[in-house]
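Atoms within a ligand are numbered from 1 in the order they appear, just like the ligands themselves.
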Amino acid sequence: MRVLAHFVPGDKVLDFVAPEADWLDIRWCAEDDDDSFYRELPEAEVIWHVLRPLSGADLRRAHRLRLVHKLGAGVNTIDVETATERGIAVANMPGANAPSVAEGAVLLMLAALRRLPALDCATRDGRGWPADPRLGETVRDIGGCTVGLIGYGNIAKRVERIVAAMGAVVLHTRTRDDGLPGWRPLVELLAASDIVSLHLPLTADTRSLLDRDRLARLKPEAVLVNTSRGEIVDEDALVEALRGGRLAAAGLDVFAVEPPAADSPLLRLANVVLTPHVSWYTADTMRRYLIEAVANCRRLRDGQPAAQVVNQPTGY
Ligand code: OXD
């Protein structure tokens, strides 16, 4: 079975798939290597997709393709409609990266709250002592905060367990009242939280969910963390709020455009901590991904339907 794996493997990944070499012919291709991608695409039966968008035009060139398997949860980077029309299954891996993304979100909360980048620079530059007295006036413990989770799936529930163990009060919101004591309508949650963390897929309903008006509901001393999708937040309004002191800090793993342009104002703000959409990317998540990815190929090889399919492909 021919697999186009759209990422660069490390040695552990290669060791993991080595025992399958008699039936799984994996062609590895870096996400920015379009020459190799378009050379391999026509023969691929399965694509292991990470984040490089897979357009309708790409799918139309993939004449043997049966399955696009997203290594992760969000399928917004795949033209699912075209895949469906062409009888190509699209599957994902709900929950597989939840432990890593949840810890990544808490990492960004702590880094933003405790001003980790500024302290790291100051220490390296010999400006760490005496300590800035503003730390003792403004820096908070997570355990003393109210944490508001927007979205309440696998990842948010893990974040809840971690920060609750640290002593935080945890609220959450989702479209409908779920009857749980922590549920609040979105605007109420925004006004009540010291830390707000986003855990939603990108859909027509969630695009720009945190627009200018909703960002204005946040407390000026609040911290916003986004490990879900950049387009859920109005980035221009976010930059203005961070610049104008209407929001204390942000921890961002995702951006409206990835990678962000070199002149993006976000890259210049001292009250923002940034990572390049890697909160999912750990050896533990990679292992979980490979187990599911190989298992789905085995299902196809054995004439069974793929697992975790999110569309209803024509003729599947
Ligand atoms: C995902 C991601 O969609 O890693 O799971 O961003």
**Item:** From CA spacing to verdict: side chain to side chain donor-acceptor pair (under 3.5 Å), Asp58, Tyr38
**Value:** CA-CA 8 Å; Asp58 294 339; Tyr38 288 114; 2.7 Å; yes

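Relative to the six-membered ring of Phe16, Arg287 misses at least one condition, a distance below 6.0 Å or an angle of at most 45° to the axis.
The existence of a salt bridge linking Arg2 and Glu45 is excluded, since no basic side-chain nitrogen approaches an acidic carboxylate oxygen closer than 4.0 Å. Comment: Arg214 does not engage Asp234 in a salt bridge, judged by the lack of any side-chain N to carboxylate O separation of less than 4.0 angstrom. In summary, Arg39 and Asp35 do not engage in a salt bridge, as defined by a charged side-chain N under 4.0 Å from a carboxylate O.
Residue pairs meeting the side-chain hydrogen bond (donor to acceptor under 3.5 Å, both in side chains) criterion with at least one partner in residues 145-158, sequence neighbours excluded, are Tyr152-Glu160.
The residues lining ligand 1, counting any heavy atom closer than 4.0 Å, are Lys70, Gly72, Ala73, Gly74, Asn97, Arg229, His277, Trp280.
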